[in-house]
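We number each residue from 1, following the sequence as shown.
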Amino acid sequence: MKQLFFTLFTLLSISASAQNTQNQEALDTLSQEQKEIAISLAEQFILHTVDSIMEEGMYMQALDALDSIQTNWKKITGKGPFPLLYMKKGHIYMCLEEWQQLIDTTNECIKYNKETMSDRSAAILYNMQGIGYRNLEDYKNAIRSFEFAVSYYSKVGDCGSQGDMLCGIAYSYYKMGKPSAASSFYEKGFIKFLQYFNITKKQLLQSNLKVDDSSKESLMGLFGSHLYDMAIYKQDNGDRLASKDYLLMSAHCGNSLARSEYQRLYGRY
């Protein structure tokens, strides 16, 4: 175990290129199982350290650290950069609103890890990629990326994230001036969200949606945002009654903008 943690320590010094030979020699003394454990521990430590840097708002420093690790990782481990490293970089680019860099990062990860990464990792990467394209108003490519994400989220049985991606496709079609396709995908996304939260449309119209964990809370926020977009879409297409319902449901998902707008238009709810 002492040797294992010594190897872990050397792995965490990858940015010092002069030590690469020593690091590799230390790694070579371990069995395959020990190597896998050491590499896994290194991955976890790296991600935890980068998270700590990001919590301080030092995004550029976090990117510099990840770039240094990415450059030397294969020299030390014999493996390409792990998908979570790319995801962390993608998250930073999302925070910085650097959409082209986000797209480039996800493309690179998919290129080098497509055959080995998990279905959930693939879903998250295509999700990020779609967000990048959408914010660059490249809606055709956004739809393609979201469709891949839907497929992978389907494999892992994540109805909530499928709903998010389907609504992302709907929004892209809406911005492309294709209302029929937008309406179809909004409805599909809406149904997936209802399945995820185990709630009916009637129930959501009557009371606030309540969730019991942070992941559901995050998806509830996304659901509320999509419902607000659906309300605007219905209003733009002359369906005021449906628009009112979607606005109310968005408010019941905690969307403050929808709540204010509903109160302005219709009074208290």
Side-chain angles (χ1 to χ4, degrees), residues 47 54 59 62-63 66-67 70 80-193 195-196 215 218-230 232-233:
L47 294 174
M54 290 173 63
Y59 295 117
L63 277 175
L66 288 169
D67 284 341
Q70 184 172 344
F82 49 101
L84 284 175
L85 184 149
Y86 286 102
M87 289 182 203
K88 193 63 64 178
K89 289 180 73 173
H91 179 66
I92 295 171
Y93 285 131
M94 288 176 69
C95 291
L96 295 173
E97 298 185 358
E98 297 286 356
W99 307 120
Q100 188 58 55
Q101 287 90 332
L102 171 61
I103 292 166
D104 293 343
T105 294
T106 56
N107 275 329
E108 184 177 340
C109 183
I110 292 165
K111 177 180 178 180
Y112 290 112
N113 295 282
K114 189 172 184 179
E115 302 303 321
T116 58
M117 64 184 171
S118 69
D119 290 335
R120 181 163 292 280
S121 292
I124 292 170
L125 285 160
Y126 279 116
N127 182 346
M128 286 182 165
Q129 188 179 88
I131 291 171
Y133 281 124
R134 184 183 63 196
N135 281 285
L136 290 178
E137 300 183 2
D138 185 351
Y139 297 116
K140 184 176 180 180
N141 276 319
I143 290 169
R144 177 185 59 80
S145 296
F146 287 143
E147 285 176 339
F148 278 122
V150 168
S151 175
Y152 282 108
Y153 278 128
S154 177
K155 291 180 180 181
V156 297
D158 188 338
C159 288
S161 294
Q162 287 179 66
D164 182 28
M165 297 299 94
L166 289 165
C167 288
I169 293 171
Y171 178 83
S172 298
Y173 275 124
Y174 171 52
K175 299 299 286 186
M176 291 171 69
K178 297 183 177 181
S180 179
S183 181
S184 174
F185 278 97
Y186 268 136
E187 185 62 25
K188 291 176 183 177
F190 180 62
I191 291 170
K192 285 293 182 182
F193 270 120
Q195 290 176 353
Y196 176 78
S215 61
S218 176
L219 275 167
M220 183 178 74
L222 291 170
F223 190 21
S225 295
H226 288 308
L227 286 166
Y228 185 76
D229 288 341
M230 291 164 77
I232 295 173
Y233 167 76

Pairwise distance [atom1]([X]) to [atom2]([Y]) - rounded to 0.5 angstrom:
| X | Y | atom1 | atom2 | answer |
| --- | --- | --- | --- | --- |
| Ile110 | Gln129 | CD1 | CD | 4.5 Å |
| Tyr86 | Met128 | OH | CE | 13.5 Å |
| Ser161 | Arg120 | OG | CZ | 6.0 Å |
| Leu102 | Asn135 | CG | CG | 9.0 Å |
| Met230 | Ser225 | CE | OG | 12.5 Å |
| Trp99 | Leu136 | CH2 | CG | 8.5 Å |

Check whether any side-chain N or O of [X] sits under 3.5 Å from a backbone N or O of [Y] as a donor-acceptor pair, and report yes or no.
| X | Y | answer |
| --- | --- | --- |
| Ser154 | Val150 | no |
| Ser183 | Pro179 | no |
| Ser184 | Ser180 | no |

Classify the angle between the aromatic ring planes of [X] and [Y] as parallel (below 30°), tilted (30 to 60°) or perpendicular (above 60°).
| X | Y | answer |
| --- | --- | --- |
| Phe223 | Phe190 | tilted |
| Tyr152 | Tyr126 | parallel |
| Tyr171 | Tyr139 | perpendicular |

Heavy-atom distance under 4.5 Å between the side chains of [X] and [Y], does that happen here?
| X | Y | result |
| --- | --- | --- |
| Lys192 | Gln195 | yes |
| Leu85 | Lys88 | no |
| Ile103 | Asp138 | no |
| Met176 | Ile143 | yes |

Side chain to side chain contact (heavy atoms under 4.5 Å, CB included) assessment of Tyr186 paired with Leu227 = CA-CA 9 Å; Tyr186 268 136; Leu227 286 166; over 6 Å; no

Considering non-hydrogen atoms only, spot the tightest contact between [X] and [Y] and give its length.
| X | Y | value |
| --- | --- | --- |
| Ala182 | Tyr173 | N-CB, 3.8 Å |
| Leu125 | Cys109 | CD1-SG, 3.4 Å |
| Gly157 | Gln162 | C-NE2, 4.4 Å |
| Cys167 | Phe193 | SG-CE1, 4.1 Å |
| Asn127 | Ala149 | N-CB, 3.9 Å |

Without hydrogens or angle criteria, can the side chains of Asp104 and Gln100 be said to hold a donor-acceptor pair below 3.5 Å?
-> yes

